[in-house]
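Following: one structure in structure tokens, then a few remarks.
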Amino acid sequence: MTLRSTLRYVLGRLAGAAVLLVVYSFGIYSLLALAPGDPVRLLLGNLPATPETMDAIRARYNLDDPFFVQYWNWLTDALHLDLGQSVLTGQDVSSAIMERAGVTVQLGLLTFLITMGLGIPLGMLAGLRRGRFADRLVSQLAMFSVSAPSFAVGILLIIVFAGQLNWLPSIGAGEGGADRFRHLVLPAVALSTATIALVVRYTRTAVIEVAGQDYIIAARARGVKPSRLLFNYVLRNSLVPVITAAGVVLSFVMVGAVVVEATFALPGLGSLLVSAVQQKDLPIVQGVTLVIAATVFLINLVTDLAYLAVDPRIAVDGASR
Amino acid sequence: MTEHATRLLDVAGLTIGLRAGGEERVLVDGVDLHLDLGETIGIVGESGSGKSLSVRSLLQLLPAGFTATGAAQLSGVNVLTASERDMRRVRGRQASMILQDPFTMLNPLMRVGRHLEEVLREKPQYRAMSKPERAAEVLRRLEEVGITDPSVARRYPFQLSGGMRQRVGIAATLATDPALIIADEPTTALDAVTQQEILELLISIQRQRHMSMIMITHDLRVAFAACDRVYVMYAGAMMEAGPSDELSRSPRHPYTLGLLASEPPLDRRLARLPVIKGELPSVRAREVGCRFADRCEWAVPACSEETVRLAPIGDDRASACLRVDEIGSDLAARFETVEHGAEEPALQDLSAPVIVSLDGVSKQYGHGSGAVTALADVSLTIRQGQAVALVGESGSGKTTLGRCLVGLESVTQGAAEVFGIDITQGSRLPRTDVRAWRSKVQYVFQDPYSSLNPRMTIGQTLAEAGRQAALFGDTRVLSVEEVLERVGLRPQYAARRPSALSGGERQRVAIGRALALNPELLICDEPVSALDVSVQAQVLNLLNDIRRETGIALLFITHDLAVVRQVADTVYVLEKGRVVETGSAEILDSPTSGYTKQLLEAVPRTSSDWLGKRSQMGKS
């Protein structure tokens with residue numbers, strides 16, 4: 001648990017993640033190659049399908065090479081941070097991703113804050129008031145919100161807050177700063193409905209478990225203040241499962257963004273991916289999925305590091321196995 | 001009336017109920033008790049007696065759904081009806097509580113020092129202190145409980161041993177300087193030697209600070225040694241109360257007598273342990289009449305019709321027995337025969353063939369510098385029909401050895417033969433050898449609550465074992481009824497599931513499941529340590545009966561030397577993976593190894609000198 005062993009652990013995990021990412025990228029590459037449709041026709045775009053243009057395309061994209069050679073070429077380029085160009089616009093995939101990533105990251109962070117900020121207190125309330133009215137209410141709401149698909153919630157929010165009340169904008173990402181924030185509120189709320197339910201459940205279960213422990217009874221018996229009991233005993237000891245939930249929430253946000261960005265016409269990674277899939281822009285699809293996968297790996301690593309920080313009993317050696 | 005000037009706690013008619021599924025169940029029924037300043041009382045009872053609930057209600061720490069009625073005056077406050085706000089002034093300042101399990105009693109994420117510091121801050125004189133002053137106070141308080149290493153304050157609970165954690169728990173409980181300390185089974189989870197140390201510590205602090213103490217325990221010997229007066233509870237009702245030395249010499253209630261008698265003696269082997277017939281009643285049992293009547297030899301019809309509360313019988317003693325005057329001489333006579341029960345010498349045939357032979361066996365976990373040695377150079381022999389006891393504290397390697405003999409663990413080094421099969425071969429053994437091994441050696445686990453599949457009925461569990469026996473080529477497979485009969489259960493039990501059974505009944509089923517395979521060696525890993533005393537005696541008698549009838553060999557793994565005395569012919573004492581002493585059961589009379597002496601010294605004894613000697617030594 002020294003700094004050095006933690007560092008060694010992190011480097012080990014990163015190396016493992018790199019290997020997994022290569023395997024993952026190969027999977028995606030193979031699936032896209034297996035997808036129906038002749039890549040040459042796709043790459044032609046609006047050009048006339050003459051034998052000359054088709055040959056030129058084949059030559060330019062090395063489409064006559066064997067499959068593994070094509071993948072190898074893509075991989076070595078990717079390792080040099082060159083993910084290729086968009087078939088439709090000719091833009092570098094990496095710069096297209098950089099351009100769009102900002103909105104998605106902001107949306108993700110806002111969703112995460114809303115989810116945790118509401119989910120943990122509500123979960124604690126339900127856990128501490130187990131079986132009473134507050135618990136039943138929170139649990140019912142959680143059940144309701146987890147069953148509501150985020151695009152439907154999104155449309156509902158647009159109708160009420162953008163349409164009827166005209167409080168918040170419904171489309172686009174705005175001009176940065178406060179305007180960007182205003183544009184992201186509704187999408188983030190829509191995305192949070194499902195994830196809040198998850199956090200409420202995890203927190204509630206953890207609090208119920210912790211509240212019944214001997215050390216809580218012993219602490220009450222020796223007169224520990226209620227506020228200390230709540231934060232230093234119940235909340236801290238409930239944190240490990242809550243961190244697990246937080247990791248799941250962050251990963252889910254990356255996936256959920258695909259739908260919500262489409263609903264609110266946000267120019268983020270999700271909508272980039274959706275349009276790329278629709279238009280069979282394979283380099284973009286390959287690039288974006290790779291970035292999403294890398295982010296999920298990173299989130300998992302951060303989650304495990306958070307365990308280490310929260311619980312002294314979890315040693316690095318045990319975690320790395 | 002002068003007595004009442006020093007009265008700290010007065011409980012009258014304490015009744016605790018639980019509302020579940022529309023019906024009210026009474027878990028504690030009309031308990032009366034009192035405690036003076038500077039006095040130590042013990043509340044003794046088996047599981048379900050309501051002893052823990054009773055004291056928790058005094059701090060309003062009952063789990064949700066429980067309600068307490070009656071009156072309980074603690075320093076002039078009725079603590080059963082006081083508001084949460086008033087209770088905050090009672091908890092910690094008036095009374096504080098130590099819990100049973102030192103492994104769960106401290107906040108796992110908080111350093112030791114913080115546990116003390118946070119409650120010290122509640123008192124104005126410490127809140128006014130500077131940080132270093134308060135840190136010094138924390139260290140001083142840790143010293144009071146025998147922790148002289150200042151670095152302990154900065155450690156987390158998981159970095160400490162069980163005994164150390166319990167010391168920290170005691171220090172945290174004492175930090176607010178309460179007038180009353182409630183110790184709820186404070187040493188049950190600890191090894192015998194540690195138990196003695198912790199009890200001595202508690203008593204010396206109680207004397208020095210002139211505090212009052214309520215000690216909850218299931219062990220009458222511990223209560224008698226540590227407390228001025230003892231209350232005996234059974235199934236939610238108070239049975240008897242009196243000064244320790246009198247209660248231990250002349251019980252005036254059949255249940256107290258039964259409890260005293262079921263305690264296996266350390267110094268001699270009884271032909272048969274006295275038992276209280278039957279099992280502890282379920283919580284829903286009737287509320288009219290004496291709760292012990294069903295199991296009482298002296299019960300008359302009136303016992304079931306009339307509820308008797310604890311009533312004075314002179315000399316500061318009280319009994320809740322309706323017939324206390326009539327059966328007094330009967331009880332005394334019976335107690336006399338128990339004290340001088342028929343002895344039986346350990347029997348063993350040293351010419352019988354050897355079935356287990358270990359020579360220089362070692363077992364290591366892990367590799368390299370992080371390796372942990374569980375067993376080191378252990379040699380052991382078990383002969384046909386012999387009863388061998390493996391004795392040691394937790395971490396001695398006794399369970400590891402037992403698990404090696406059935407193949408749940410593998411031996412790292414040395415020669416090990418079981419029924420002529422070389423078990424060091426492990427997975428390389430031919431299948432026929434594995435079958436022979438498995439069919440001849442069976443295992444009974446410590447915890448009958450987790451060793452039976454809860455989804456299967458008892459009949460299914462036993463039938464499955466029988467099918468296994470048939471698969472192993474056994475020609476005399478026992479039927480489910482035969483197995484049940486052998487372990488003393490009625491045939492109706494076949495249709496029940498484990499959840500409907502008591503701990504003792506479950507352990508009988510677990511023994512039956514092992515016997516269904518007709519083994520020649522039964523390994524019992526602490527088979528009675530999870531059971532109540534009255535049930536423990538029944539199970540020990542059962543194991544001795546089975547051995548006498550079937551000639552089966554027993555390997556008995558236990559920490560309890562009194563249990564060893566009742567079952568074993570030959571004893572191996574293990575310390576940190578090494579055999580430090582071996583011989584016939586008589587080595588308990590004249591041990592040569594210092595460790596064995598230490599273990600014997602730590603076995604609780606009724607007399608107060610068991611705890612007295614050491615604490616005086618500690619003072620000098």
Side-chain angles (χ1 to χ4, degrees), chain A residues 1-2 5 125-136 204 206-243 306-321, chain B residues 52 55-56 58-65 84-85 87-111 114-123 155-159 165 169-178 181-182 184 189 366 370:
Chain A
M1 273 190 289
T2 57
S5 64
L125 178 72
L128 293 172
R129 295 258 177 278
R130 184 188 187 183
R132 307 228 216 123
F133 176 73
D135 178 27
R136 288 205 297 274
R204 179 180 178 272
V207 164
I208 286 172
E209 155 106 29
V210 169
Q213 293 290 319
D214 276 357
Y215 53 79
I216 303 288
I217 296 167
R220 288 185 67 194
R222 62 174 180 266
V224 173
K225 269 195 301 194
S227 58
R228 276 194 72 85
L229 214 51
L230 190 62
F231 291 104
N232 291 40
Y233 283 74
V234 177
L235 184 58
R236 271 204 74 184
N237 280 288
S238 311
L239 269 186
V240 167
V242 172
I243 289 172
Y307 290 145
L308 290 179
V310 163
D311 193 338
R313 287 167 297 182
I314 303 174
V316 161
D317 309 334
S320 61
R321 247 201 308 165
Chain B
S52 270
V55 290
R56 282 184 192 202
L58 300 181
L59 291 173
Q60 289 191 14
L61 289 176
L62 290 175
E84 177 65 24
R85 193 185 178 71
M87 281 315 287
R88 251 181 257 157
R89 240 165 278 143
V90 172
R91 292 187 202 122
R93 293 176 206 192
Q94 291 300 326
S96 194
M97 189 161 70
I98 305 167
L99 300 183
Q100 170 176 358
D101 190 347
F103 296 93
T104 60
M105 194 193 153
L106 301 169
N107 185 346
L109 303 183
M110 221 160 75
R111 290 176 202 272
R114 290 283 277 171
H115 282 88
L116 277 73
E117 212 243 338
E118 69 178 4
V119 272
L120 282 179
R121 287 175 69 103
E122 293 295 297
K123 297 195 119 191
R155 286 194 219 150
Y156 286 101
F158 77 97
Q159 295 166 319
R165 287 189 217 197
I170 292 170
T173 309
L174 292 172
T176 43
D177 305 313
I181 191 153
I182 298 169
D184 188 356

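Letters A, B, ... mirror the listed sequences (proteins, then strands); counts begin at 1.
- Neither the backbone nor the side chain of B/Gln100 comes within contact range of chain A; no heavy atom of the residue lies under 4.5 Å from a heavy atom of that chain.
- Here B/Ser96 is the residue among B/Pro157, B/Ser96, B/Ala175 with the most heavy-atom pairs under 4.5 Å with chain A.
- B/Leu106 touches chain A through its backbone: at least one of N, CA, C or O sits under 4.5 Å from a heavy atom, while the side chain does not.
- For A/Asp135 (side chain) and A/Gly131 (main-chain N/O), a donor-acceptor pair under 3.5 Å exists by modelled atom type.
- Only the backbone of B/Thr173 comes within less than 4.5 Å of a heavy atom in chain A; its side chain stays farther off.
- If you measure heavy-atom distances from A/Arg236 to chain B, the contacts under 4.5 Å come from both the backbone and the side chain.
- Rounding to the nearest 0.5 angstrom, the gap separating the CG atom in A/Asn237 from the CG atom in A/Asp311 is 8.0 Å.
- Of the possible donor and acceptor atoms, none in the side chain of B/His115 sits under 3.5 Å from a partner among the backbone N and O of B/Gly169.
- For chain A, the nearby parts of B/Pro108 are the backbone and the side chain; heavy atoms of each come within less than 4.5 Å.
- The main-chain N or O of B/Arg91 is never found under 3.5 Å from a side-chain atom of A/Arg222 such that the two would form a donor-acceptor pair.
- No side-chain heavy atom of B/Met97 sits under 4.5 Å from any side-chain heavy atom of B/Leu58.
- Only the side chain of B/Met110 comes within contact range of chain A, with heavy atoms under 4.5 Å apart.
- Neither the backbone nor the side chain of B/Gln94 comes within less than 4.5 Å of any heavy atom in chain A.
- Under a 4.0 Å N-O distance rule, the pair B/Arg121/B/Glu118 does not qualify as a salt bridge.
- With a threshold of 4.5 angstrom between heavy atoms, B/Ala95 approaches chain A through N, CA, C or O but not through any side-chain atom.
- No other option in B/Leu174, B/Thr104, B/Ile182 has as many heavy-atom pairs under 4.5 Å with chain A as B/Thr104.
- Taking CG from A/Leu128 and CG from A/Leu230, the interatomic distance works out to 6.0 Å, rounded to the nearest 0.5 Å.
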